[in-house]
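Let me begin by presenting the structure, written as structure tokens, before commenting on it.
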Amino acid sequence: MNVEFLNKGTALVIKIKGELDHHTAEDVRQKIDNEIMKSVAKNVVFDFSEVSFMDSSGIGVIMGRYKNLKQLRGKVSLVNLKPQLKKIFDMSGVFKYVPVYESIHEAINAM
């Protein structure tokens, strides 16, 4: 599991690579939280273009960051969801809280 960060104005783009499951979720969460604390950005865009697998632990990582950023008046969005990931997010109800966009540019413009 690899996580890359890119600051884009008021947004922090987080690109997750590999599997986001119960084996990797805690490490990913810590890396993301550390980067959010260092960043001046209050909005986060999660890029899932290189996520090969995700289970409910991944949902927990996203929703935990959503709750934390909401307290800071920030926003969270998702981009580049493959069909199987979109189905997992949809079934879990995440889309009620976190919007999904086709591209990073579109997500940043919507913030």
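Residue numbers start at 1 and run along the sequence shown. Values in this document were obtained by computation on a predicted structure and should not be read as measured data.
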Is [Y] reachable from [X] through a run of I, L, V, M, F, W or Y residues, each pair having side-chain heavy atoms under 4.5 Å apart?
| X | Y | result |
| --- | --- | --- |
| L69 | V45 | no |
| L20 | L81 | yes |
| I36 | V76 | yes |
| M111 | I62 | no |
| L85 | M63 | yes |

To the nearest 0.5 angstrom, please state how far the [atom1] atom of [X] sits from the [atom2] atom of [Y].
| X | Y | atom1 | atom2 | value |
| --- | --- | --- | --- | --- |
| K8 | N43 | NZ | CG | 14.5 Å |
| I88 | F53 | CD1 | CZ | 6.5 Å |
| S92 | M54 | OG | CE | 7.0 Å |
| E50 | E19 | CD | CD | 13.5 Å |
| F46 | I16 | CZ | CD1 | 5.5 Å |
| S56 | D21 | OG | CG | 9.5 Å |

Identify the heavy atoms of [X] and [Y] that sit nearest to each other, and give their distance.
| X | Y | answer |
| --- | --- | --- |
| K31 | F5 | O-CZ, 3.6 Å |
| Q84 | S52 | NE2-O, 4.4 Å |
| I108 | A11 | CG1-CB, 4.0 Å |
| D55 | H22 | OD2-N, 3.3 Å |
| L12 | A41 | N-CB, 3.6 Å |

Check whether any side-chain heavy atom of [X] lies under 4.5 Å from a side-chain heavy atom of [Y], and answer yes or no.
| X | Y | answer |
| --- | --- | --- |
| L78 | F95 | yes |
| R65 | D33 | yes |
| V13 | N7 | no |

Within 6.0 angstrom of Y97 OH, more than 12 heavy atoms from elsewhere
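Counting neighbours around OH of Y97, 12 or fewer heavy atoms of other residues, nucleotides or ligands fall under 6.0 Å, so no.
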Could you go through I59 and F89, starting from their C-alpha distance and side-chain angles, then the distance that decides it, and tell me whether this counts as side-chain contact (heavy atoms from CB on, under 4.5 Å)?
CA-CA 7 Å; I59 299 294; F89 279 116; 3.4 Å; yes
Side-chain ion pair, K86 and D90, N-O less than 4.0 Å:
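Between D90 and K86 there is no salt bridge, as every charged N stays at least 4.0 Å from the carboxylate O atoms.
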Does V51 offer a backbone N or O that forms a donor-acceptor pair with the side chain of K82 under 3.5 Å?
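Here the side-chain-to-backbone pair exists.
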Passing candidate, side chain to side chain contact (heavy atoms under 4.5 Å, CB included) with I14, options V28, V44, L6
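In the set V28, V44, L6, the residue that makes a side chain to side chain contact (heavy atoms under 4.5 Å, CB included) with I14 is V44.
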